[in-house]
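Here is the structure we will look at, set down as structure tokens.
Chain naming here is simple, since letters A, B, ... match the order of the sequence lines and numbering starts at 1 in each.
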Amino acid sequence: MAGDVTVRLPDGSSKTLAGGTTAHQLAQSIGPRLAKAAVAATVDGVEFDLDRPLPDGAEVALVTADSEAGRAVLRHSTAHVLAQAVTDLWPGAHYAIGPSIAEGFYYDFALPGGAHFSDADLARIDARMRAIIAQDQPFTREEHSIEEGLTLFADQPYKAEIIERVGADHELSEVASGDLAPGTSGVSVYRNTEGFVDLCRGPHVPSTGRLGHFALLRVAGAYWRGDEHRPQLQRIYGTAWESAKALTEHLHRLEEAERRDHRRLGAELDLFSFPAEVGPGLALFHPKGGLVRRLMEDYSRQRHDEAGYQFVTSPHITKADLFETSGHLDWFADGMYPPMELDDGQKYYLKPMNCPFHILVYRSRQRSYRELPMRLFELGTVYRYEKSGVVHGLTRVRGMTQDDAHIFCTREQMAAELQSILGFVLALLREYGLDDFYLELSTKPPGKAIGSDEDWAEATDVLRSVAGDMGLRLELDEGGGAFYGPKVSVQAGDAIGRYWQMSTVQLDFQLPQRFGLEYVGADNARHRPVMVHRVLFGTVERFFAVLLEHFAGALPTWLSPVQAVVLPVRSENQLYADQVVEALRGAGLRAQCDPADDKLGARVRRHKLDKVPYVLVVGDDDVASGTVGVNRRGAGRAERGVAVGAVVDMLVRQVAEHRLPEQAPGDRAPGDRAPGDRAPDGGVGR
RNA sequence: GCCUGGGUAGCUCAGCUGGUAGAGCAGCGCACUCGUAAUGCGCAGGUCAGGGGUUCGAGUCCCCUCCCAGGCUCCA
């Protein structure tokens, strides 16, 4: 029939439909469930509203709400409703951009008179949004010229700025806000019944009634266009999901992340603190935290020893000259503590990096090619003057210890060396229970780098090819390199799916040149070595934090500050309990006794909350038969009557093998709370 | 550095519109000697982050500083 259109579906089949058929009608023709789940469609790879007619010959796929693309549509549409609610409640408010993001959305506003949002406002906005959703207002798309767009948004300066930018650049395929129609010289807007109109590329759900499983989370300040020289806007963050269940699960994940927060665990488990008297970003490690740190550091030293690294040590401060030569004072001065002036006005700096010192070790005498690759390693404590707003627990501090190595090698050796470094790094991270990795390649930072483009290109190519051989996903971080060279970083996923930057490997042609490094080759001529900068944990502090969160505080037995606690059931069992502790200690284990001054249940609970891997209970039966009751962390029930020798052997083996916990999370009773928490009051979250 | 919100006992928090502080847990003491996630009673503990101001009187109102949280920017 004339005017029919034929479209192809993802399964390869074709469907012929009456001309003007929309994606929604197509979905209905396939099935009511699909029609209900669909929130948008892709037409030849471009996202479309459901009510737009399908062109003939198109490849059409329906986007359902339970896909990532579908959630993005839900979130973006929810952001529109948020903006509508805010403009309802604050007439004259300017709205800027409101994209969907990884697990939610945000919208930026400038309120009249410079007003700002409060938590109470969030509740009001939430209520208004729900009213809009209840009205099931349709989202209607319109397309306008640039000029019409400017008229439409005459009183919305941020929207006008976006439109002007589109007008100035027709080729603009996408803007950060995601608000514009790609490849067009006009703009599209979406309108709903109450007259709210927003600049938007789309697509949107057909009507607000399709939304509703959302939560507004927090308000924050954010610079317009992310530029700290531009006005600061009021941002509202929220999340939205396809179902109440998905929303609830997401909120639970947020609670879980909060429960695992290393700052919280650090205080609860008495590992470290940040006294205000010391200063922001400067941690104090308590005996238990210090012990864990030492275990990690000792093991790191052992592995580096085995891998052919040589150990060096360098001071914490140095004269300015060194950082002038290295270029740090030109390129990194913002990140350094200001100098102290000593002697005759001589400037000394706290070191922000270890590399210049290791370079001087290399340069202390003439080097032969026979010495290369030369791998210098140091647990080097560095200080960086981080802006006050960025310090965060142990993951972003001002004083930190890097497990830092600098490898000097020939150009011929560098590919193999990089490969072996990455292999070494990944192997060690796996031993700590991290096994979900991807790599990130960071390239030359625009405007703040030393060295020629050719050198950067070569270094970047080598890193890319070596990284590509690791069999891991490789992502590009354009412009994210250090000032002296590109880097590959290892991003490790933790137990709840968050990724942390751990190790970085940087290839550097510049510092060897600036410091005039040489080696004498087999040809008896002088050559310039290449340098590789490498951290493995990144910093001991950050790695500690990541491990704590990954294991939810339940560190593997070999890293646990206390590996076993022995509980005599009653005081008459004390002597035997002491003997069990002695047996454990004699085998090199960290064990202690908790005498029967308290109920057994209370003591068990206390040490479980302390995440002690093994709680051993000894009563009359055990005294008689030389056994203990074993309550293993993470296990549901205790095991009775295990021979002392067997327990000692089992623990020794576990520690020697650095065995990982079989079950990291969930070693607390449901609904359980940390010491010091208030009694449950039925409220959700905080 | 910027924005917003905070800072009350070791921890988690309560304290209405100003009338000089309160709970739970932790700590200490006493009693209880108990077989696997909270025994009871008692005691002690706070220059309400620090400084200045308004006031007869400030945890509470105002200003400054410090620190923390969530963001922005930046980054290991």
Counting only Watson-Crick or G-U wobble pairs whose two distances fall under 3.5 Å, which nucleotide matches [N]?
| N | result |
| --- | --- |
| G46(B) | none |
| A26(B) | none |
| U20(B) | none |

Side chains of L350(A) and Y337(A) in contact at under 4.5 Å (non-hydrogen atoms):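 Of all side-chain heavy-atom pairs linking Y337(A) with L350(A), at least one is under 4.5 Å.
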
CA sep, side-chain torsions, deciding dist, call: R498(A), E549(A), salt bridge (Lys or Arg N to Asp or Glu O under 4.0 Å): CA-CA 10 Å; R498(A) 297 167 303 179; E549(A) 303 208 357; 3.0 Å; yes

Residues, nucleotides or ligands: over 12 heavy atoms within 6.0 Å of R230(A) CZ: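 More than 12 heavy atoms, drawn from other residues, nucleotides or ligands, come within 6.0 Å of this atom.
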
Between E478(A) and T443(A): side-chain donor-acceptor atoms closer than 3.5 Å: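 There is such a pair (donor and acceptor under 3.5 Å, judged by atom type) between the side chains of E478(A) and T443(A).
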
Minimum-distance nucleotide to R640(A) side chain [options: C68(B), U36(B), U33(B)]: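 The answer is U36(B).
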
Comparing G281(A) and V628(A) on RNA chain B - which has the more 5′ nearest nucleotide: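 Looking at the nearest nucleotide for each, V628(A) comes out on the 5' side.
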
Parallel, tilted or perpendicular: rings of F272(A) and F285(A) (30°, 60°):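 Because their plane-to-plane angle lies in the 30° to 60° range, the rings of F285(A) and F272(A) count as tilted.
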
Report yes or no: is there a donor-acceptor pair, N or O only, under 3.5 Å between the side chain of [X] and the base of [N]?
| X | N | result |
| --- | --- | --- |
| E258(A) | A69(B) | no |
| R235(A) | C72(B) | no |
| Q232(A) | C72(B) | no |

Phosphate-side-chain proximity, H392(A) and G70(B), N/O vs OP1/OP2 below 4.0 Å: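 The answer is yes; a side-chain N or O of H392(A) sits under 4.0 Å from OP1 or OP2.
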
Sort me out a list of protein N/O and nucleotides 43-50 of chain B N/O pairs below 3.5 Å, or just none if empty.
none

Atom-pair distance (CG on L567(A); P on U36(B)), nearest Å: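 To the nearest whole Å, that distance equals 12 Å.
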
